[in-house]
Amino acid sequence: FAAVVLMVGDKVVFSPWVKGWNARAAQVAELKKSCSQGAMLLDREKSIRARWELMRTNALPGNMSAAEAQVFKAFERWSRASGVGISSINPQPQGRRSASDFVTFECRADAFGTLATLTRFLYEVEKDPLAVKVDLVELTARDKDGKQMTLGLQVSGLLLNPPGS
């Protein structure tokens, strides 16, 4: 009789209690994780807001033709600073609408130079405050020794609050 009472007690009382305890412990662990992530975000609020303000102020103009002109000037600036030659710059005819409040402007460029000058060119692109991001890099040798190189580069720029949004 005692064995039956223990087995029923285990199935009816103890096992559900342990399952409930483990579920609450998992929920508490998840809440602690969420709280620590929230605290980290609050700690980084100033730097996140500063980064957003930098992106917002350095975004391309809302007008697509003005944005294209600004990107062309940037490519000229980067090529002068690095010493590479630009063989072509091909903007995409339409920007890619990602949301109602921003559009990305995509552009592909081909440049040529030595590995050192192309590396410097990529550095200039990355350090520029203009809100462009490197999406694709293709590097190929123009000669058998690899002294002359060609760089295919695709960048996308950020246009905030474009017209028609």
Side-chain angles (χ1 to χ4, degrees), residues 26-165:
Q27 186 178 19
V28 166
E30 188 63 35
L31 289 172
K32 282 183 180 179
K33 181 180 173 186
S34 292
C35 286
S36 79
Q37 286 176 338
M40 286 187 332
L41 278 175
L42 287 173
D43 290 344
R44 295 181 37 221
E45 177 188 14
K46 286 184 182 178
S47 65
I48 291 170
R49 288 190 184 275
R51 175 91 169 127
W52 170 246
E53 185 62 22
L54 182 69
M55 287 176 60
R56 193 184 63 73
T57 57
N58 292 310
L60 297 171
N63 180 328
M64 194 61 79
S65 60
E68 185 176 310
Q70 192 168 358
V71 169
F72 284 170
K73 286 178 187 174
F75 271 105
E76 183 181 318
R77 184 173 61 246
W78 301 330
S79 68
R80 267 196 325 268
S82 62
V84 303
I86 302 287
S87 55
S88 69
I89 301 175
N90 300 316
Q92 303 298 344
Q94 292 280 330
R96 195 171 59 206
R97 186 168 294 279
S98 300
S100 61
D101 56 350
F102 74 94
V103 169
T104 57
F105 170 76
E106 296 178 352
C107 186
R108 175 159 174 93
D110 293 313
F112 58 90
T114 65
L115 184 58
T117 58
L118 292 174
T119 304
R120 178 65 188 201
F121 179 76
L122 285 173
Y123 172 76
E124 293 294 330
V125 172
E126 286 292 325
K127 80 168 186 131
D128 198 281
L130 188 63
V132 294
K133 157 183 103 147
V134 175
D135 291 325
L136 178 72
V137 175
E138 298 168 342
L139 192 61
T140 55
R142 293 176 73 185
D143 61 1
K144 68 177 187 161
D145 297 329
K147 291 183 180 179
Q148 286 296 314
M149 309 285 283
T150 301
L151 175 74
L153 183 69
Q154 184 168 335
V155 297
S156 58
L158 180 64
L159 283 79
L160 294 176
N161 301 320
S165 58

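On a predicted model such as this, the values are computed, not experimentally measured, just so you know.
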(message) Within the structure provided, determine whether Glu30 and Gln27 are in side-chain contact (heavy-atom separation under 4.5 Å).
(response) no
(request) Write down the atom of Gly152, the atom of Arg108, and the distance for their closest heavy-atom approach. (result) CA-NH2, 3.7 Å
(message) Using side-chain heavy atoms (C-beta onward) and a distance below 4.5 Å, is Val71 in contact with Ile89?
(response) no
(request) Please report the closest heavy-atom contact between Asn58 and Pro129, naming both atoms and the distance. (result) CB-O, 2.9 Å
(request) Could you check Ile86 against Phe72 for side-chain contact (heavy atoms from CB on, under 4.5 Å), going step by step and ending with a plain yes or no? (result) CA-CA 11 Å; Ile86 302 287; Phe72 284 170; over 6 Å; no
(request) Over all heavy atoms of both residues, which pair between Ala111 and Val84 is shortest? Give the atoms and the distance, please. (result) CB-CG2, 4.2 Å
(message) Check whether Asp128 reaches the backbone of Leu130 with its side chain - one donor and one acceptor, N or O, closer than 3.5 Å.
(response) yes
(request) Show the numbers, then the answer: is there a side-chain contact (heavy atoms from CB on, under 4.5 Å) between Gln148 and Thr114? (result) CA-CA 5 Å; Gln148 286 296 314; Thr114 65; 3.9 Å; yes
(request) Could you tell me whether Arg56 and Glu53 have a side-chain N and a carboxylate O separated by less than 4.0 Å? (result) yes
(message) Is it the case that over 12 heavy atoms from other parts of the model lie below 6.0 angstrom from the CZ atom of Arg51?
(response) no
(message) For a side chain to side chain donor-acceptor pair (under 3.5 Å) check, start with the C-alpha distance between Ser87 and Asp110, then their side-chain angles and the critical distance, and finish with the verdict.
(response) CA-CA 6 Å; Ser87 55; Asp110 293 313; 4.8 Å; no
(request) Quick one: pull up CG in Leu153 and CG in Leu136 and give me the separation to the nearest 0.5 Å. (result) 8.0 Å
(message) To the nearest 0.5 Å, what is the distance between SG on Cys35 and CG on Leu42?
(response) 10.5 Å
(request) In plain terms, say whether Arg120 and Glu124 are close enough for a salt bridge, that is, a side-chain N and a carboxylate O under 4.0 Å apart. (result) yes
(message) Just verifying a value: how many Å separate Met64 CE and Phe105 CZ, rounded to the nearest 0.5 Å?
(response) 7.0 Å
(request) State the CG-CZ distance between Leu118 and Phe112, to the nearest 0.5 angstrom. (result) 9.5 Å
(request) Measure the spacing between CD of Glu126 and NZ of Lys133 and express it to the nearest 0.5 Å. (result) 10.5 Å
(request) For residues Ala67 and Leu60, report the shortest heavy-atom separation together with the two atoms involved. (result) CB-CB, 3.8 Å
(request) Locate the shortest heavy-atom distance separating Leu115 from Met149; write the atom from each residue and the value. (result) N-CG, 4.0 Å
(request) Give the minimum heavy-atom separation between Cys107 and Phe75, together with the two atoms involved. (result) SG-CE1, 4.1 Å
